[in-house]
Amino acid sequence: MSNHIGVLALQGAFALHVEACRELGFESSEVRTADQLGAVDRLIIPGGESTTMSMMLDRNDLSAPLAERLDDGMPVFGTCAGMILLADKVSDGREDQVSFGAINLAVKRNGYGRQNQSFSDEIFVDRLDNADLGFHAVFIRAPLVEVVGDGVQVLATHDGAAVLCQQNSVLVAAFHPELSPDRRLHRYFCSLPR
Ligand code: GLN
């Protein structure tokens, strides 16, 4: 069965995700059109700026095809801005920004503060290989999870807040996993059943 990993490449930190997946031996490519989306088996939505990405999804006629793939259960990994786009409720967003409601979370955009309050820390994720080895998580104007709804599993927390969550085949991280050389989270995502 093919396992082609697409990375939404309209804006933001997409290039390192493609590299990470290729490094793990998976076929991976950038997605900018509905045809390219149709050709992949799973999708990473990177960090960047969720309001800009939302606008560009609309402009590139990708919002409806993406909503359809999410409805069909395509595995998706949203990191930072990607988490915001996949959440059910977004506070402090722009009124016209799309959220796909693919995971039952309420998040606050820029909930950890501004760019100069960016930070990194070790988090621990039970279900990764070598789980006692911390994962170096880089938070950049990250969304803060305010409410974890029914059906969502919290895979890691930081200072009491959920920072890595999963609901069925939807995985979201408040941080930027591609900025760490540790590929365990990408491997985990690329192996989620579909
Ligand atoms: N604050 C950004 C947003 O609203 C997300 C930041 C990031 O992805 N690093 O989309």
Side-chain angles (χ1 to χ4, degrees), residues 5-21 28 30-32 42-60 62-63 66-67 70 76-123 125 135-148 152 154-159 161-167 170-183 185-186 188-189:
I5 324 293
V7 181
L8 188 68
L10 298 174
Q11 188 267 338
F14 51 84
L16 288 173
H17 283 291
V18 173
E19 258 179 50
C21 296
S28 182
E30 296 172 5
V31 168
R32 291 190 185 81
R42 46 188 95 215
L43 184 71
I44 297 177
I45 305 183
E49 181 47 60
S50 57
T51 53
T52 310
M53 255 186 251
S54 163
M55 200 176 66
M56 296 193 58
L57 280 166
D58 273 345
R59 255 192 222 162
N60 290 18
L62 268 170
S63 297
L66 177 53
L70 293 171
V76 64
F77 186 13
T79 70
C80 205
M83 173 193 243
I84 299 172
L85 287 167
L86 291 170
D88 196 36
K89 290 204 180 67
V90 179
S91 58
D92 287 356
R94 262 177 58 148
E95 220 143 84
D96 57 350
Q97 92 179 84
V98 198
S99 46
F100 288 91
I103 185 162
N104 197 1
L105 291 177
V107 304
K108 184 181 169 75
R109 208 175 138 233
N110 300 331
Y112 289 89
R114 306 175 71 86
Q115 184 83 18
N116 61 6
Q117 290 162 295
S118 298
F119 64 97
S120 62
D121 211 347
E122 302 284 292
I123 58 162
V125 188
F135 189 96
H136 185 77
V138 181
F139 294 80
I140 305 168
R141 288 185 303 123
L144 177 67
V145 173
E146 295 190 305
V147 184
V148 176
V152 176
V154 175
L155 308 191
T157 60
H158 181 267
D159 268 356
V163 293
L164 179 68
C165 297
Q166 184 177 345
Q167 183 169 17
V170 181
L171 180 68
V172 292
F175 52 91
H176 279 254
E178 81 286 3
L179 292 179
S180 144
D182 190 333
R183 297 297 177 228
L185 261 179
H186 284 86
Y188 176 73
F189 169 66

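From a predicted model like this one, the values you see are computed outputs, not experimental measurements. Start at 1 and go down the list; that is how both ligands and their atoms are numbered.
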Pairs flagged by salt bridge (charged side-chain N to carboxylate O under 4.0 Å, His left out) wherever residues 76-88 is involved - sequence neighbours left out: none

Atom 7 (C) of ligand 1 [closest protein heavy-atom partner, distance rounded to 0.1 Å]: Cys80 SG, 2.8 Å

Numbering as shown, the atoms of ligand 1 that approach Arg109 to under 4.0 Å (heavy-atom distance): 3 (C), 4 (O)

Under 3.5 Å: N/O of Ala142 near N/O of ligand 1: no

Thr51: side chain to side chain contact (heavy atoms under 4.5 Å, CB included) partners, not counting sequence neighbours: Glu49, Arg94, Gln97, Arg109

Full working for side chain to side chain contact (heavy atoms under 4.5 Å, CB included) between His186 and Ile5: CA-CA 10 Å; His186 284 86; Ile5 324 293; over 6 Å; no

Non-hydrogen atom of His176 closer than 4.0 Å to ligand 1: yes

From CA spacing to verdict: side chain to side chain contact (heavy atoms under 4.5 Å, CB included), Val145, Val154: CA-CA 11 Å; Val145 173; Val154 175; over 6 Å; no

pair Pro177-Phe135: side-chain heavy atoms closer than 4.5 Å: yes

Which of the ligand 1 atoms, numbered from 1, are nearer than 4.0 Å to a heavy atom of Glu49: 2 (C), 3 (C), 4 (O), 10 (O)

Pair Leu62-Leu8, side chain to side chain contact (heavy atoms under 4.5 Å, CB included): steps then yes or no: CA-CA 10 Å; Leu62 268 170; Leu8 188 68; 4.2 Å; yes

Distance filter under 4.0 Å to Arg141 heavy atoms, resulting ligand 1 atoms: 1 (N), 2 (C), 5 (C), 6 (C)

Nearest neighbour of atom 5 (C) of ligand 1 from the list Ser50, Pro143, Gly48, Gly47, on a heavy-atom basis: Gly48

Mutual orientation of the aromatic rings belonging to Phe139 and His158 [parallel < 30°, tilted 30-60°, perpendicular > 60°]: tilted

Numbering as shown, the atoms of ligand 1 that approach Ile140 to under 4.0 Å (heavy-atom distance): 6 (C), 7 (C), 9 (N)

Mutual orientation of the aromatic rings belonging to His17 and Phe77 [parallel < 30°, tilted 30-60°, perpendicular > 60°]: perpendicular

Per-residue contact class, Ile84 against ligand 1 - non-hydrogen pairs under 4.0 Å: side chain

Short N or O distance, Ala81 and ligand 1, threshold 3.5 Å exclusive: yes

Those atoms of ligand 1 less than 4.0 Å from some heavy atom in Asn110: 1 (N), 2 (C)

